[in-house]
Amino acid sequence: MSTLWHGRFDGDPADELMAYTASIGFDARLASDDIAGSRAHVRMLGRVGLLADTEVDEVLAALDQTEQELAAGEFDFAPGDEDIHTAIERRVTELAGPAGAKLHTGRSRNDQVATDLRLFAKRELAAIAADLIALQQVLLERAVDAGDTYLPGYTHLQRAQPVLLAHHLLAHGWALARDVDRLADARVRLDVSPLGAGAVAGSSLPLDPDMAAAELGFAARFDNSMDAVSDRDFAAESLFSLTMVAIHLSRLGEEIVFWTSEEAGFATLDDAYATGSSMLPQKKNPDIAELARAKAGRLIGNLTGFLATLKGLPLAYNRDLQEDKEPLFDSFDQVRLGVRAMTGLMSSIAFNADTMADAADAPTSAATDLAEYLVAHGMPFREAHAVVGDLVRRSLDGEASLTDLVQADPRLGAAAELLTPGVPVTRRTTPGGAGPEPVAAQLEKFRARLNADANRFA
Ligand code: ARG
């Protein structure tokens, strides 16, 4: 078995060493980014005079062929290919001979792998943002369609005040909008090329890292070669941004589990987005929503596990850093699958407006409106709270219905109309509130923000 570093070693590496340390099993996924990095590097080497133009062309042709072999599944991996970087360099050297052997001039896998992973994360962050925008689009459409449908707004999972369904859906939408912002922001900070940092210290050769950075479409090159090869902030930030998405999906998922329960009955899943039971013929289960709830735990594990890997690492590159890839790949994959599944689920779920209204129409849902009525007529709020609380307690004790007690109370007689089904939600008029007026304004604001984000990631 031959490795790229066999020169100073006496024999072959042990099988156990290769089995434990090789990353080819998961980093083959970086192949296209590695080839892009090599193209940029070899062009730079040509322009600074380290390779002749003909050599550059030979290496570029070998990279093209390697790319085709990989894409066609015809690439022959060799036993010594410990990672995708060595595999590609080996093949390029086989194809381009002496010119291929110059590809790694002034480069280390340390700056190479950091470059590849940044290219990967930069692209994937934008792709996740685009998927999140599609989910928000669905939430917006469903909010518009919801019209004046209302349901209980909960605190402590106890009915608190009625809210428009549109308001409730957009609450999830705004959380996802912040996620898009976070992904975009992480993307700006990671847009720095490490290529040219070498193993740790730069090079005695006349490399031009700015040229390589521009060639790869990075906004800037590294400022410090040690930082360039050891910095994985971008991986940690990407993991955190993805974890927040997963947490938001888990909260939406929990909502769906509750809404579709027979106890609530607020919504019904489309058959295509529900699952059955192997034993119970009548069952229709919200498995997507449950897994959205569960996978957030896995994402948190990927994030905290990787932070623990980084903690206390000395400068600069350490093999520990190879452990950045699996959590990052997994978090991207899980979030992508989750966002897409939730997009389908939310676009097809049926809302049961009558059941929602029934749950929100209990006279006690208007208790705060009664207190605010008294406040509007001059009573201090703390006193009004006690007056209405007393009526609620008496109705619960069985003295009379809350409606009857309100009608009989001289201070509240005219407030009885507030108990009419559908009225309380219309009384939430303050900016950002849950009633029809502020929600109409909110819908427009959300739409404008979404359109701007869609243009940002078009
Ligand atoms: N497979 C390694 C990684 O993913 C590449 C860098 C190895 N560098 C080294 N000096 N051993 O981090």
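As a basis for the values below, the full set of heavy atoms in this structure was taken, side chains included, without hydrogen atoms, waters or symmetry mates. In this chain, residues are counted from 1 in sequence order. Every number for a ligand or one of its atoms is a count from 1 in the order of the listing.
- Taking the six-membered ring where the residue is Trp, His168 and Trp259 present perpendicular rings, their angle passing 60° and hence far from 30°.
- Applying the 6.0 Å contact sphere to CD of Glu437 captures no more than 12 heavy atoms from other residues, nucleotides or ligands.
- A donor atom on one side chain and an acceptor atom on the other are found under 3.5 Å apart for Asp83 and Thr86.
- With sequence neighbours excluded, the residues forming a side chain to side chain contact (heavy atoms under 4.5 Å, CB included) with Asp185 are Arg189, listed by chain and number.
- Any N or O atom pair closer than 3.5 Å counts here, and His85 shares no such pair with ligand 1.
- Atom numbering of ligand 1 starts at 1 in the shown order; those under 4.0 Å from a heavy atom of Ser23 are 1 (N).
- Protein heavy atom closest to atom 11 (N) of ligand 1, with residue, atom name and distance, is Arg109 NH2, 3.7 Å.
- When only non-hydrogen protein atoms are considered, atom 5 (C) of ligand 1 lies nearest to Asp83 OD2, 3.3 Å.
- Arg232 pairs with exactly one of Asp227, Asp324, Asp320 by the salt bridge (charged side-chain N to carboxylate O under 4.0 Å, His left out) rule, that one being Asp324.
- Ranking protein heavy atoms by distance to atom 12 (O) of ligand 1, first place goes to Tyr317 OH, 2.5 Å.
- Ligand 1 lies out of reach of Glu82, whose nearest heavy atom is not under 4.0 Å from it.
- Nearest protein heavy-atom neighbour of atom 8 (N) of ligand 1: Asn110 OD1, 3.1 Å.
- Nearest protein neighbour of atom 4 (O) of ligand 1, counting heavy atoms only, is Lys325 NZ, 2.7 Å.
- Other residues, nucleotides and ligands place no more than 12 heavy atoms under 6.0 Å from the NZ atom of Lys445.
- If you check which protein heavy atom lies closest to atom 2 (C) of ligand 1, you get Gln322 OE1, 3.2 Å.
- When the shell of 6.0 Å around CD of Glu262 is examined, it contains 12 or fewer heavy atoms from other residues, nucleotides or ligands.
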